[in-house]
Amino acid sequence: MLQLLPLMLERVGILLIIAFVLSRMKSFRRIIHYEHGWKEKVLLIVVFGSFGVVSNYTGVHIYNELVSSQAWNVAVDSDSAIANTRIMGVVIGGLLGGPLVGSGVGVIAGLHRLFLGGFTAIACAFSTIAAGVVTGFIARRFRIRNPHAPWHAAGIGILMECAQMGIILLVAEPSLEAWSLVRVIAVPMIVVNGFGTYLFMTIIQSIFQEEERSRALQTHKVLHIADQTLPYFRQGLNASPCREAALIILRETNADAISITDRTRILAHVGEGVDHHIALQPITTRLTQRVLDEGLVHKASSGEEIQCSSAQCPLQAAYVLPLHVRNKTVGTLKLYFKSPSRLDQVEKELAEGLGKLFSNQLELAEAELQSRLLKDAEIKALQAQVHPHFLFNAINTISVLCRTNPEQARKLLQQLSVFFRSNLQGARSMLIPLHKELEHVEAYLSLEQARFPGKYTIEFCIDPSLKEVLVPPFTLQPLVENAVRHGFGKGFKGTGHVRIRSEAEGDTMVLITEDNGKGISADAIGALGREVVPSQEGTGTALVNIRSRIQEIYGSQASFTLNSSQGEGTTVVIRLPRDDTKEGA
């Protein structure tokens, strides 16, 4: 017994060395972490089944209570047996992979033991298979991340080895030789297998602990990068801030190049490949276009998968992540590497973490911009439309009508109430149904027409199916106001006419506002709606505000077109995606 113990420790040492070497390999770590798929389960069966086979081959030869140390057991005599660490690999495999893996490992190790021969071959084969099945089912309650998991595994290993000794006593023939064998091998095998299982599980557990520490460091790194890039991403997807953000990401990660795009252009590219990945140029890689179309993360493990337009591109691997704003893909973040071997789970999780945080930052930036634009719209409405003069004129008109036409005065008071309520609702909402915006327009026009009867007319041609489609507030009312104040203002002769139309074109709603007013000069038409244009008649702030909000909310899905000729009136065409699911909050 005492002679057998150090020999058994030698054998378990061989397996532990192999286990330690495997624990340093990425492929083995991936198998351990992702053992739930069929492919991973098969690999676990192969790995730990191989441990059982190696244990059989390196076992200590026992004959008539005599211990014989052989380098390799190719066959066992019919009146001999071997003492080994087979149960250790079976137990670990079963605890890691569950019933399927445990059974598979037990069958491989058990049948191999049967093939080697010896008077305990049948008993050992049966006990090995049974140990795999039992530990596989125990795995359902086994928690490998539990701090006491190695001790629990050691206890299970000892229990399985004790069961094997019992099966040898019950099954092996002749029974006297079986009893003599168990007296020699029981204690060393039980102790060594329990001890080896404890150490083996400690090595396995260290893989999970290292991964958790790595994730904690990556989380810290992600938050650190996000904190540094926040001032730039809050400015939206624009070339200059994106370049600064890309430089920070390149400095703080192991990537060889960083690229940020919107839906059509490369906004920034830093690191390797800057000679052909040029900022403000159209997107050159097909992989990026796939991510934009699908809105999903894609990994490229070769230059062919990246599909760069340059054959000499040094970048041979990449993680391409979509940047989302309001559930829409607005751009991509790309981490490029010169070698596919640099692509591992840690880098992937880092990239995904950055992509989610940057998407949140962009969404916050858009929310801030929308808040400012909405506030501008509210101020515009309150200052330019609910100006004290406007309110005074409306009340003065109503007071006159109280004597001459009380019924019309009552209707105008109701319209004034609708007008103020629409202003307040628009200031609180990002989107409102089209019919609410039309109510705002009608209320405004009713008050203006009461002041200037017969000066202009209004015509609504609205598709009933579009009345619930959501639109940004203060979209049509400022256009009508422009027509009344500027189109039909000083110098206009005749009767003004405003027509508002809505049409459906597939998944798009078209809003058209037309007037027959004075029109806009050719010098001013190019800038209106794009920038503030100081003039005696107005600055065009309302048009800039409408265009900016539409672009920020819908991106390339919407458009704002202004057409006008001096003396021939003005037409504004707004195209918006149809979305009537719920009212904006």
S.K.: Could you walk me through whether K334 and T288 pass the side-chain hydrogen bond (donor to acceptor under 3.5 Å, both in side chains) check?
M.R.: CA-CA 8 Å; K334 299 185 281 187; T288 304; 3.0 Å; yes
S.K.: Closest approach of G93 and F48, non-hydrogen atoms and distance?
M.R.: CA-CG, 3.8 Å
S.K.: Please output the side-chain donor-acceptor pairs of residues 148-159 that fall under 3.5 Å, not counting sequence neighbours, one pair per line with the distance.
M.R.:
none

S.K.: Before you tell me yes or no, could you show the steps for Y319 and H298 under side-chain hydrogen bond (donor to acceptor under 3.5 Å, both in side chains), namely the whole-Å CA-CA distance, both residues' side-chain angles and the distance that decides it to 0.1 Å?
M.R.: CA-CA 6 Å; Y319 284 119; H298 279 275; over 6 Å; no
S.K.: Determine whether a donor-acceptor pair (N or O, by modelled atom type, separation under 3.5 Å) exists between the side chain of S502 and the backbone of D463.
M.R.: yes
S.K.: Between R290 and D293, is the closest basic N to carboxylate O distance under 4.0 Å?
M.R.: no
S.K.: Can you run down the ring pair (Phe, Tyr, Trp, His ring centres under 6.0 Å) pairs that involve residues 247-274, sequence neighbours left out, and say none if there aren't any?
M.R.: H269-H277, H269-Y336
S.K.: Treating R86 as the side-chain partner and A83 as the backbone partner, does any N or O pair qualify as donor plus acceptor under 3.5 Å?
M.R.: no
S.K.: Do you know the tightest heavy-atom contact between P322 and G295?
M.R.: CG-O, 3.4 Å
S.K.: Which atom names give the shortest non-hydrogen contact between G98 and A139, and what distance separates them?
M.R.: CA-CB, 3.9 Å
S.K.: Above 12 or not: heavy atoms from other molecules or residues under 6.0 Å from CZ of R263?
M.R.: yes
S.K.: Nearest 0.5 Å, please: how far is CZ in F51 from CD1 in I14?
M.R.: 12.0 Å
